[in-house]
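Right, one structure below, let's go through it.
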Amino acid sequence: MEKRRTDCPALPAGWKKEEVIRKSGLSAGKSDVYYYSPSGKKFRSKPQLVRFLGSSVDLSCFDFRTGKMTSGKLHKNKQRARHEPGVSKSGKPDLNTALPIRQTASIFKQPVTKVTSHPGNKVKSDQQRASEQPRQLFWEKRLKGLRSSDVSQEQMRSMDLPTGLQCIGPDPSQDCLLWAIASALHLSSGPISGQSSSAEKNPAVWTNSNQPPCRGFTVSEQQIRDQEQVVNQVRRSLEEALSADFMARNAEHTKVRKKR
DNA sequence: GCCACCGGTGGC
DNA sequence: GCCACCGGTGGC
């Protein structure tokens, strides 16, 4: 047990756990637990691990001392998830949510950049972090067969992608490409332009995991303007629907008050 | 300057 | 009272 690094199945491949028994001092006999990233970086607390792994690994149930996932805390988290804003305690969607919330923000965890202008401050950067984030190729396939449905359990229609986008990789379906593009748009700060021509010939070797698995494409100014119009139109429709709903609610409210 | 190691303490 | 977390430092 002492001073031996062992594999830790609860963490991504390559991570090691070490338990060191204290030999002297008041705390002799007690032990310290350390973890080592695949590159050898040492971690001595759970917050430190969480900071490093970010959203790539869910450590909420991870027990730092044992190195295992605990099932006890799982229930607490599930209960809390049901009480998120926008959902009432009965589990049905709460249509009275006051503030509009960008729903995708909670699905795709995004890093927060802290900018400090104080001259004395040192900003620590972790170059290893980015290179050690595990990235799976063709992860879109895992979502195959899953469809989103609305509040009445009705399956929602998938979005239509512009024609001309050519999927490359093991799954040529439009759904997979849609998921990949949506994810890339949320996770990448750079432009989304598809794969290089070499990835077309051998996707398993040359696929760039930061880009969706489709043939390289360009977006014209005209297409951007067209899309702006579509978005504006949808916003107008939403505005009309919301104000109609608001008026109907008001009318209903005054009717009830008159009855009393 | 680095880091293994132990002490101190805040939160439970 | 326990212990997770992190500060501090002695030894290299």
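Just so we're on the same page: letters track the sequence lines, and every chain starts at 1. What's counted below: heavy atoms across the whole structure, side chains too, no hydrogens, waters or symmetry copies.
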Could you go over nucleotides 7-9 of chain B and give all protein N or O partners under 3.5 Å, atom names and distances?
from: B:dG7; atom 1: OP1; to: A:Leu26; atom 2: N; distance (Å): 2.9
from: B:dG7; atom 1: OP2; to: A:Leu26; atom 2: N; distance (Å): 3.2
from: B:dG7; atom 1: OP2; to: A:Ser27; atom 2: N; distance (Å): 3.1
from: B:dG7; atom 1: OP2; to: A:Ser27; atom 2: OG; distance (Å): 2.8
from: B:dG7; atom 1: N7; to: A:Arg22; atom 2: NH1; distance (Å): 2.8
from: B:dG7; atom 1: O6; to: A:Arg22; atom 2: NH2; distance (Å): 2.7

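- The side chain of A:Lys46 places no N or O atom within less than 4.0 Å of a non-bridging phosphate oxygen (OP1 or OP2) of C:dA4.
- Comparing C:dC3, B:dA4, C:dC6 against the side chain of A:Lys42 picks out B:dA4 as the nearest.
- Rounded to whole Å, the distance from CD on A:Glu19 to P on B:dC6 is 14 Å.
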Does the pair A:Arg236 and A:Gln233 meet the rule for a side chain to side chain donor-acceptor pair (under 3.5 Å), with working shown? CA-CA 5 Å; A:Arg236 272 196 293 276; A:Gln233 182 57 47; 3.3 Å; yes
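- In this structure, A:Arg65 and A:Arg44 both approach DNA chain C, and ranking their closest nucleotides by distance from the 5' end singles out A:Arg65.
- Atom pair A:Lys41:NZ and B:dC3:C1' shows a separation of 13 Å (rounding to whole Å applied).
- Remark: A:Ser220 pairs with A:Gln223 by the side chain to side chain donor-acceptor pair (under 3.5 Å) rule, at least two apart or across chains.
- With rounding to whole Å, A:Lys30 atom NZ is found 9 Å from C:dA4 atom P.
- When heavy atoms are screened at a 4.0 angstrom cut-off, A:Tyr34 is found touching base atoms of the nucleic acid.
- Taking the side chain to side chain donor-acceptor pair (under 3.5 Å) definition, one finds that A:Gln227 meets it with nothing, sequence neighbours left out.
- A:Leu59 has its CG atom 15 Å from the C1' atom of C:dA4, to the nearest Å.
- Remark: A:Asp226 pairs with no residue by the salt bridge (charged side-chain N to carboxylate O under 4.0 Å, His left out) rule, at least two apart or across chains.
- Remark: A:Ser198 engages A:Ser196 in a side chain to side chain donor-acceptor pair (under 3.5 Å) (not counting sequence neighbours).
- Among residues two or more places apart in sequence or in another chain, the salt bridge (charged side-chain N to carboxylate O under 4.0 Å, His left out) test is passed with A:Asp32 by A:Arg22.
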